[in-house]
Each structure stands twice: as C-alpha cells, then as structure tokens.
Number of protein chains: 2
Amino acid sequence: MTQNKTYKMTVCPMTYVLEILGDKWSFLIIRDMLFRGCCRYKHFIESEEGVATNILANRLKSLTNHGLITQCKDPQNGRQKLYHLTDKGLDLIPSILQLVKWSGHHDPNSILSEKIMHYLDDRFDEAVAIVRQQYLEACQQDAPVTDCHRFG
Amino acid sequence: MTQNKTYKMTVCPMTYVLEILGDKWSFLIIRDMLFRGCCRYKHFIESEEGVATNILANRLKSLTNHGLITQCKDPQNGRQKLYHLTDKGLDLIPSILQLVKWSGHHDPNSILSEKIMHYLDDRFDEAVAIVRQQYLEACQQDAPVTDCHRFG
DNA sequence: GGGAATTACTTTCAAATTGCAAGTTATAGA
DNA sequence: TCTATAACTTGCAATTTGAAAGTAATTCCC
C-alpha cells in the first residue's frame, strides 16, 4: 500500500483510518511504542516481528506526516532520534485495546490473562486511561519500558 | 500480505488481528457488510473503493477461513451466494466504531454528523448495540440496507 | 585527534503481491 | 435452447515488499 501518496478526498471514515493504518506495520509500530516502550529506530528493528529497515523508515515517515508521531533528536545523544506518540496517536488507544480485546476472545492461542480480560471487558475506559497514563509517565522518565506489555 | 498462509503461532494479541485484518480490503469488506448492506459478490464489486475481482475473491475466502463470515447459496436464486457476518465478525463492531470515532475527531474532512459523534463519544455501547441490531434485522429481511451507513 | 563503532537511514534487486482485463463455469430466465 | 448474469479464475504488467549491502552523521575510545 502506498503510504505517502498524494492526498485523496476521504469518502468515509474508514478510508481515512485505512489510508494511514491500513497495513500491518504501521499498527505494529504504534503497538511497540505503547506497550513495548519503543522510541528509537533500533528498538523497532529489534522487535520480534522483524521489520525490514526500509519499510520501517517509510512507515515512520508516513506516521510522522500524518501527525501520529513526532521525531526529535535525543538531547543526550545526538546520533539517536526519539519517536513519540502525539495526542492524535494516543487517541488510537481505544481502537487498539478493542482489537486486543477481540483477539483475547477469539484467538485460540491467546496469551492474555484473566485479569487483563476482566479489565478490557468490564472496565474498558479505565484500561484506556491506564495505558495512556503509563505511556506518558514512561516517556518522561526517558526509560519508557512500561508495565503495559501485559495488554498488548 | 499473504492471507492464506500456513498457521503461525501468534506471539501477541495484535499479530492475531493483523494476520486476519492487516490489510485495507478485509476491513472494507466488513464495513461494506455492516454499514452498506453488502451481502453479495456483486455488491462488494460495486462499492466505491473498487476492489479487483481476484482480490475480493481472495479476501472473502480468507475471512471465511478465519470464521468472520459465512457463505451460503441464496435459496431464492441458486446462482447467487450470500455472505454474512458470524458472531466473531460481529464482535468487531466495537473496534470498527472506535476507528470511526477516531476518524471523526481527526479527519479534517470528516463527514460524520454531530449526532453520530455524540453517540460515539457519550453512548458508545448503545451505538454498538444499534449497529449490531440493525445488521441482524436487515439480514432477516433479506434486504440488508441498513440505516447504519450514517456511522461508517 | 584519529580510527572504530554505532545509529539511522538509503539503495539495490529479486520475489511476492496487486490490479486490470479477459476468460470460465454454473445457474436462471425467455 | 439461447442469452444473460453472478461468481469466480487466469494471465500478465506494474507496484510493493523484504533481505542485504552501502552511506552519513555522530560518538566512543585510546
């Protein structure tokens, strides 16, 4: 799917999301940031699914252009860049947790604990708030390894 | 993305969903069924985004194999097939409505009415129930053109 | 201060996937 | 029986992906 194509009038809500997130890797990048504390190029490359470096660069650019993430130089180390979710990106948490919840119910090999499923089933808004909160805290600490990996 | 590849142990909830829905067309097929009343091959082909016939056939097979939709002969007309969402497929409504809601907030060209956004923002569970209900009713009537196009 | 190492990419090219157009098969209706 | 229609399948060119190798800009280490 072309990620950086010229703008096309969106004819329905779904086409807008799918233009931005209608491929596997964009979603996984967001997941890695939210649940795995990834904020550097290297982190994403090391992630278990194994993105190709060119695809990663392409998607990071696309997500940046669409305003879901920001890039900045690491003030501690000029040869590194830091990637962070914007508010627009963070607003995807409910969507992502619904997808996680769906997997929890329908994936026969689901690894989600009962406790997590309980949160997603009965205290969804709370789960959203927790994931958001933990992400923001982890970012402030410059060591964004959150406890939220148990969700995603 | 290969849709019919051999089974791979899912390492996290997201990979399970993305293996099934990690491409634009699968999502659009579900949307067409939910919000546009599509239940025949022809309907999907006529949909505004313009799927290629081979891609459509591939995705319908994939979604069937993954248990999100079912295929059956139209009892009224033996040369037509009917496609319907299963419970597993219907359970995607919350995920899809969250994505629609996100678009409503962030797509500068959003066409969603205030009334719809109010439902999604403040009465989300109700919106899910309405979409599900209307889909099921429309299917029973064999003329599945629902009022829900206003959502998706 | 200079060479090696590291990080974040870009480039190249083969392989896989997509999309368009042109069949093909099965059933229906006249 | 002849024609039309619905649901595909096939062939092929064009696009996208993925693996590997290369490059530029720091930073580390002696």
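Each chain gets a letter, A, B and so on, in the order the sequences are listed, and its residues count up from 1.
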* Has Lys81(A) got a side-chain N or O lying under 4.0 Å from the OP1 or OP2 atom of dA8(C)? -> no
* Ala57(A) has a side chain; which of dT7(C), dT10(C), dG19(C) sits nearest to it? -> dT10(C)
* Is the backbone N or O of Leu60(B) less than 3.5 Å from a side-chain atom of Thr64(B), with the two atoms forming a donor-acceptor pair by type? -> yes
* To do: Nearest whole angstrom, please: distance from the P of dA8(C) to the CZ of Arg40(A).
  => 7 Å
* Hey, is the side chain of Arg59(A) poking within less than 4.0 Å of OP1 or OP2 on dT17(D), counting only N and O atoms? -> yes
* Test side-chain contact (heavy atoms from CB on, under 4.5 Å) applied to Val128(A) - qualifying residues, sequence neighbours left out -> Ile93(A), Pro94(A), Leu97(A), Phe124(A)
* Hey, is the side chain of Trp25(B) poking within less than 4.0 Å of OP1 or OP2 on dG19(C), counting only N and O atoms? -> yes
* Nearest whole angstrom, please: distance from the C1' of dT16(D) to the CG of Asp23(B). => 14 Å
* Asked: Do Asp91(B) and His105(A) have side-chain N/O donor and acceptor atoms under 3.5 Å apart?
  -> no
* Closest to the Ile55(A) side chain: dA8(C), dG18(D), dA7(D)? -> dG18(D)
* In B/S/- notation, 5' to 3', how is nucleotides 21-29 of chain C contacted by protein heavy atoms closer than 4.0 Å? -> B-----BS-
* Asked: Between atom NZ in Lys61(A) and atom P in dA8(C), what is the gap in whole Å?
  -> 15 Å
* Just by distance, do the side chain of Trp102(A) and the backbone of Gly89(B) share a donor-acceptor pair under 3.5 Å? -> no
* Asked: Are Leu90(B) and Val131(B) close enough that some pair of their side-chain heavy atoms sits under 4.5 Å apart?
  -> no
* Is Arg123(A) close enough and on-axis enough to Tyr119(A), meaning under 6.0 Å and within 45°, for cation-pi? -> yes
* Structure fact -> Gln80(A) CD to dT6(C) P, in whole Å, measures 12 Å
